[in-house]
Peer 1: 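I'd like to ask some things about the structure below.
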Protein chains: 2
Amino acid sequence: MATEELIGRVLASSEEPFTSVIDAVQGLLDDSTIDASAPPIGVAEAAKLVGLSPHTLRYYEQQGLVRPARNASGYREFTAFDLRRLVFLARMRLSGMTIHDLKRYISLVDQGASTIPERRRIMFDQRDRIKRQLRELTLALETTEYKIRAYDGHPEG
Amino acid sequence: MATEELIGRVLASSEEPFTSVIDAVQGLLDDSTIDASAPPIGVAEAAKLVGLSPHTLRYYEQQGLVRPARNASGYREFTAFDLRRLVFLARMRLSGMTIHDLKRYISLVDQGASTIPERRRIMFDQRDRIKRQLRELTLALETTEYKIRAYDGHPEG
DNA sequence: GTAAAGATTCGAGTGCGCTCGAACGCAAGG
DNA sequence: CCTTGCGTTCGAGCGCACTCGAATCTTTAC
C-alpha cells in the first residue's frame, strides 16, 4: 500500500523539531531501540520513556493492560516486553482507541493464537478509524491555515 | 507550504468511501456549498448538515459559540453564517481544540478586528497541534498496519 | 379536535480517562 | 538513626463534552 510512503513524505515536510510526548514514543518506534537484554526499569523511568505518567502506568496495570513483574519489595519492574506493550498502548490511545477496546484486545492476546482472526479484525477497524481521523485532521489543518492566511492579509485570496 | 499537497495525496490514496460524521463536514468544506441566500433552517436539519446532534448545537449556543436567530415561536433559525461557524467549530473540535479555547476565540471574534493578532496566535498554536497529531496518528497507522501484516502471516517480515 | 412529532428550557446525570490524596513501606546518604 | 525521596495501595475526585429527562409549547396530519 502506498499510504505509508506518502505519509512519510508528509512527515518529512514538517519543519519543526519534534516536541513533547510524541518524542518519547517516536524514540521507541522500532524494537531495536529497546534492548531486550537490558535490565528492567522502575515505574518512573518507564513512564518517562513512553511519555505517560507513573499514575497512568499503574492505572493501565490495574486495568490488566500490562503486567510488570515485581522485585522483592513489591516495586514494579518493566522489561523490554512491557515497554513495547506500553508503546503500543500509547499509540493506540493517541489514535483514539478506548481503554475498553484495548482491554478486549489484550485479553485476546492473552488467550493465544486462536484469537488472531478477531485481533486482525480489530486492527482493521482501527486502521479505518485512523484513516478517517487523518482526513478530519487534514480538513482542520486546511481551515486553520486558511484563517492564518486571512489574518495575514490573505495575499492570495 | 508543501504540506497540503502531500496530505492531499495521502487522502487521495484512501480507497474507502467517506463514511460517518466527517462526510457532512466534508460536504461543507467550501462556502460555495452553503448558499448564503438560502432560507434559515431548524436545529434538526442544521445538526444533520454539520454532523452534530441537536443537543450539541443547543449546548454550543448555551456556551456562546453560536447565536442563531429565533422565529416567532422561539425556534432556532440557523443561517448560512451560523452554519459556517458550526462547521468551523466542528473541525476545531475534531482536531482537539477544547470548548474552553473555542469560547476564548469566539469572544475575540466578537470583540472585532483589534483582536486579530491574538486570534492569529491561537490559530498558529492550533496548526502546530494538528501537525503533531498528524505525526502521532501516522505512527499509530504504521503500528496498526504492522500488526495486520503480522496477523496475515507477515509475508515480508 | 386531537394525536404525534418535534421544538423549547433547565438542571442533573453519564462516561471516559485519568489524577490525586492519604497512609504507609523501602532504600540510600550523612 | 534519621531524613529524603521514590515506591506501594486504595478509593475518591475531577474535567471535559456531551447527553438525557421532564415538563411544556408548536406545528402538522388526519
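Lettering of chains follows the sequences in order, A, B, ..., and the numbering in each one begins at 1.
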Peer 1: Taking 4.0 Å as the cut-off, does a side-chain nitrogen or oxygen of A:Arg70 come that near to OP1 or OP2 on D:dT9?
Peer 2: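 Yes.
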Peer 1: Please report, rounded to the nearest Å, how far the P atom of D:dT27 is from the CD1 atom of B:Ile41.
Peer 2: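 These atoms are roughly 18 Å apart.
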Peer 1: Between C:dG17, C:dC18, D:dA17, which one does the side chain of A:Thr56 approach most closely?
Peer 2: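 Looking only at side-chain atoms, A:Thr56 lies closest to C:dC18.
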Peer 1: A:Asn71 CG to D:dT8 P: how many Å, rounded?
Peer 2: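 The answer, rounded to whole Å, is 9 Å.
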Peer 1: Less than 4.0 angstrom from a charged side-chain N to a carboxylate O is my criterion; do B:Arg149 and B:Glu145 meet it?
Peer 2: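 Result for this pair is no, no salt bridge flagged.
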Peer 1: Mind calculating the distance between CZ (B:Phe78) and P (C:dA7) to the nearest angstrom?
Peer 2: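 For the pair B:Phe78 CZ and C:dA7 P, the rounded distance is 10 Å.
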Peer 1: Taking atom P of C:dC16 as reference, at what distance in whole Å does atom NZ of A:Lys103 sit?
Peer 2: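 For the pair A:Lys103 NZ and C:dC16 P, the rounded distance is 10 Å.
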Peer 1: Quick check: any donor-acceptor pair below 3.5 Å linking the side-chain of B:Tyr75 to the base of C:dG6?
Peer 2: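 When only heavy-atom distances are counted, B:Tyr75 does reach the base of C:dG6 through a donor-acceptor pair under 3.5 Å.
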Peer 1: Send over the distance from B:Leu57 CG to D:dC18 C1', rounded to a whole Å.
Peer 2: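 Interatomic distance, CG of B:Leu57 to C1' of D:dC18: 13 Å.
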Peer 1: For C:dG11 and B:Arg58 - does any side-chain N or O of the residue sit under 4.0 Å from the phosphate oxygens OP1/OP2?
Peer 2: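 For C:dG11, neither OP1 nor OP2 has a side-chain N or O of B:Arg58 closer than 4.0 Å.
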Peer 1: Taking the six-membered ring of A:Phe124 as reference, does the cationic atom of A:Arg127 (NZ for Lys, CZ for Arg) lie under 6.0 Å from its centre and within 45° of its axis?
Peer 2: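 Verdict for A:Phe124: a cation-pi partner in A:Arg127.
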Peer 1: Tell me which nucleotide among C:dA27, C:dC18, D:dT8 gets nearest to the side chain of A:Ser73.
Peer 2: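 Out of C:dA27, C:dC18, D:dT8, the nucleotide with an atom closest to A:Ser73's side chain is C:dA27.
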Peer 1: Is there a side-chain contact between A:Tyr59 and A:Ile99 in this structure, where contact means two heavy atoms from C-beta onward sitting under 4.5 Å apart?
Peer 2: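 Of all side-chain heavy-atom pairs linking A:Ile99 with A:Tyr59, at least one is under 4.5 Å.
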Peer 1: Mind checking whether A:Gln126 and A:Ser95 have side chains closer than 4.5 Å, heavy atoms only?
Peer 2: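 Counting from C-beta outward, A:Gln126 and A:Ser95 do come under 4.5 Å.
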Peer 1: Output the rounded distance in Å from CG (B:Leu89) to P (D:dA17).
Peer 2: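 The distance from CG of B:Leu89 to P of D:dA17 comes to 12 Å, rounded to the nearest Å.
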Peer 1: How many whole angstroms separate atom NE2 of A:His55 from atom C1' of D:dC10?
Peer 2: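 Answer to the nearest Å: 13 Å.
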Peer 1: Rounded to the Å, how far apart are B:Gln63 CD and D:dC18 P?
Peer 2: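 Distance check: B:Gln63 CD to D:dC18 P gives 10 Å.
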Peer 1: Counting only side-chain nitrogens and oxygens, does A:Arg76 get under 4.0 Å of the OP1 or OP2 atom of D:dG7?
Peer 2: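 The answer is no; no side-chain N or O of A:Arg76 sits under 4.0 Å from OP1 or OP2.
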Peer 1: Closest nucleotide of DNA chain D for B:Met97 versus for A:Pro54: which of these residues is on the 5' side?
Peer 2: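 Per heavy-atom nearest nucleotide, the more 5' residue is A:Pro54.
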Peer 1: Below 4.0 angstrom, N of the basic side chain to O of the carboxylate: do B:Arg67 and B:Glu61 qualify?
Peer 2: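 Looking at B:Glu61 together with B:Arg67, the answer is no, because their closest N to O distance does not fall below 4.0 Å.
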